[in-house]
Amino acid sequence: MTIPRVLPHLEGRKALVVGIANDQSIAWGCAHWLRALGADVAITYLNEKAKKFVQPLADKLEAKIFMPLNVNEPGQLEAVFERIAKEWGQLDVLVHSIAFSPKEALCGRVVDVAREGFAATMDVSCWSFIRMAHLAEPLMKKGGTIFTMTYYGSQMVVENYNIMGVAKAALESAVRYIAAELGPKGIRVHAISPGPLATRAASGIPEFDEMLDKAQKSAPARALVSIDDVGAATAFLALDAAKLITGETMYIDGGYHIID
Ligand SMILES: NC(=O)c1ccc[n+]([C@@H]2O[C@H](COP(=O)([O-])OP(=O)(O)OC[C@H]3O[C@@H](n4cnc5c(N)ncnc54)[C@H](O)[C@@H]3O)[C@@H](O)[C@H]2O)c1
C-alpha cells in the first residue's frame, strides 16, 4: 500500500498581517506564504502616504479586508478587529511585524535613553503586540497562531541595535507568557527571529551593511535570509502540523545564532 500524499494547507483560515510597508517588508513575505497556502488575509497600512505602496500588494493577496492602522492612533486597532469580527467572525493567524524607535533613542547608548524615547519604543514595538494578542483571543475560538518579529540583539549585545534590543527582549518574554496563558485555548504564540534583512525599518540602524556582511560570513549557511525564507517558516508554524510547537523564538538566520 502506498502512503497517500497529504498537502498541508491553510484553506478556510483567516489571517491578519500587520506591518507591510512595501514588497521588501518581512510582513509581505509572511502574507504571501499564508495566501499561497490558502488563507484569506486582512492587510493594514500605516497611513495615506503608505497606502499607495501597500494597495498593489493587498490586491495581489486578494485581501478581503484592507484598513489603515497606526497603533498610535486611538481606536484604529480596535476598528480592525471589529471589522474582522463582523466580516469573518473568527481569526486563525495574526502576524505582528512592526517596530519603531525615535532616532535619538535608537542611535544612542541604552544608558542615555530618555523616558519618552524608551516609552515610544516599547509602546509600538512591544505593547502593540500584547494588545493585538488581547484582541485576537476572543476571535481565535478554534485556536490559532500569533506571531511577532524579533531579532538576536535581544539576547546578545549587537552593535548599533541599542534600545531596540531591550524592546525585543521584552517582546520575546511577552511571547512566552502569552503562549502559556493562551495555550489551553489552542492558541500558539511565537517570536520569529530573522537574520538581518535590508528593509525600510533596517535602514534606520547605523552601519547596517556591516551587520549584513557579518551575518553572511559567519552564518553556517553562509547566506543571508530572504523574506521568502521567513514567510515560509512562519506559514509552516501556522499549520496544524505544528500544533504542539508554541512559545518559541524561532531563528531564521542560516544558523548565525549558534556561532560564537
Ligand atoms: N529587517 C531586519 O533585519 C529585521 C530582523 C529581525 C527582525 N525584524 C523585525 O521585523 C519587523 C518588520 O520590520 P521590517 O524589517 O519588515 O521593516 P518594514 O519597514 O518593512 O516594516 C516595519 C513596519 O512597521 C510599521 N510601523 C511602524 N510604526 C508603526 C505604527 N505606529 N503603527 C503601525 N505600524 C507601524 C511600518 O509601517 C512598517 O510597515 C520589525 O519588528 C523588525 O524589528 C527586522
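Whatever order the structure lists ligands and atoms in, that order sets their numbers, starting from 1.
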Numbering as shown, the atoms of ligand 1 that approach [X] to under 4.0 Å (heavy-atom distance):
{"X": "Asn72", "result": "31 (N)"}
{"X": "Pro196", "result": "3 (O)"}
{"X": "Lys168", "result": "40 (C), 41 (O), 42 (C), 43 (O)"}
{"X": "Ile26", "result": "4 (C), 8 (N), 10 (O), 15 (O), 16 (O), 44 (C)"}
{"X": "Ile20", "result": "39 (O)"}
{"X": "Asn70", "result": "30 (C), 31 (N), 32 (N), 33 (C)"}
{"X": "Thr199", "result": "1 (N), 14 (P), 15 (O), 16 (O), 17 (O)"}

Give the residue, atom name and distance (to 0.1 Å) of the protein heavy atom nearest [atom].
{"atom": "atom 10 (O) of ligand 1", "answer": "Met149 CB, 3.3 Å"}
{"atom": "atom 27 (C) of ligand 1", "answer": "Ala99 O, 3.6 Å"}
{"atom": "atom 22 (C) of ligand 1", "answer": "Ser97 O, 3.9 Å"}
{"atom": "atom 32 (N) of ligand 1", "answer": "Val71 N, 2.9 Å"}
{"atom": "atom 19 (O) of ligand 1", "answer": "Ala201 N, 2.9 Å"}
{"atom": "atom 29 (C) of ligand 1", "answer": "Leu46 CD1, 3.7 Å"}

Distance, nearest 0.5 Å, that separates OG1 of Thr148 from CD1 of Ile178: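 Output value for this atom pair is 9.5 Å.
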To the nearest 0.5 angstrom, please state how far the OG1 atom of Thr199 sits from the CE atom of Met149.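 One gets 11.5 Å once the value is rounded to the nearest 0.5 Å.
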Check: Lys142 side chain, Gln90 main-chain N or O, donor-acceptor pair, under 3.5 Å: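 No; judged by distance alone, with no hydrogens or angles, the pair does not exist.
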For the [atom1] atom on [X], are there more than 12 heavy atoms of other groups (residues, nucleotides or ligands in this structure) within a distance under 6.0 Å?
{"X": "Glu159", "atom1": "CD", "value": "no"}
{"X": "Lys86", "atom1": "NZ", "value": "no"}
{"X": "Phe118", "atom1": "CZ", "value": "no"}

Does a salt bridge link Lys185 with Glu137, judged by any charged N lying under 4.0 Å from a carboxylate O?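 Glu137 and Lys185: salt-bridged.
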Does a side-chain N-to-carboxylate-O contact under 4.0 Å join Asp40 and Lys14?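 Yes, Asp40 and Lys14 are salt-bridged.
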When you compare ligand 1 with [X], is there at least one nitrogen or oxygen pair between them that comes in under 3.5 angstrom?
{"X": "Gly19", "answer": "yes"}
{"X": "Asn22", "answer": "no"}
{"X": "Tyr151", "answer": "no"}
{"X": "Gln24", "answer": "no"}
{"X": "Ile98", "answer": "yes"}
{"X": "Val124", "answer": "no"}
{"X": "Ser25", "answer": "yes"}
{"X": "Leu197", "answer": "yes"}

Any heavy-atom pair between the side chains of His257 and Gln155 that's under 4.5 Å?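 No, side chains not in contact.
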Hey, are the side chains of Phe53 and Arg200 touching, using non-hydrogen atoms and a 4.5 Å cut-off?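 No - every pair of side-chain heavy atoms lies 4.5 Å or more apart.
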Using a 4.0 Å heavy-atom threshold (strictly under), name the region of Thr150 that reaches ligand 1: side chain, backbone, both or neither.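 Backbone only.
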Please state which part of Leu69 comes within less than 4.0 Å of ligand 1, counting heavy atoms only: side chain, backbone, both or neither.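 Under 4.0 Å from ligand 1, Leu69 contributes backbone atoms alone.
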[X] near ligand 1 by a heavy-atom separation under 4.0 Å:
{"X": "Pro194", "result": "yes"}
{"X": "Glu73", "result": "no"}
{"X": "Phe208", "result": "yes"}

Under 4.0 Å from atom 6 (C) of ligand 1, is there at least one protein heavy atom?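 Neighbour list for atom 6 (C) of ligand 1 includes protein heavy atoms (cut-off 4.0 Å).
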Phe66 and Tyr45 aromatic ring geometry - parallel, tilted or perpendicular at 30°/60° bounds: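 Aromatic pair Tyr45/Phe66 classed tilted.
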Would a single hydrophobic cluster contain both Ile205 and Val225, if residues Ile, Leu, Val, Met, Phe, Trp and Tyr are joined by side-chain heavy-atom contacts under 4.5 Å?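 No; tracing contacts between hydrophobic side chains, which count when under 4.5 Å, never links both residues.
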Contact summary for [X] and [Y], nearest pair of heavy atoms:
{"X": "Ala120", "Y": "Pro102", "result": "CB-CG, 3.9 Å"}
{"X": "Ala215", "Y": "Leu224", "result": "CB-CD2, 4.0 Å"}
{"X": "Ala31", "Y": "Ile20", "result": "CB-CD1, 4.0 Å"}

Is it true that the side chains of His190 and Thr145 contain a donor and an acceptor less than 3.5 Å apart?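 The answer is no; no qualifying pair exists.
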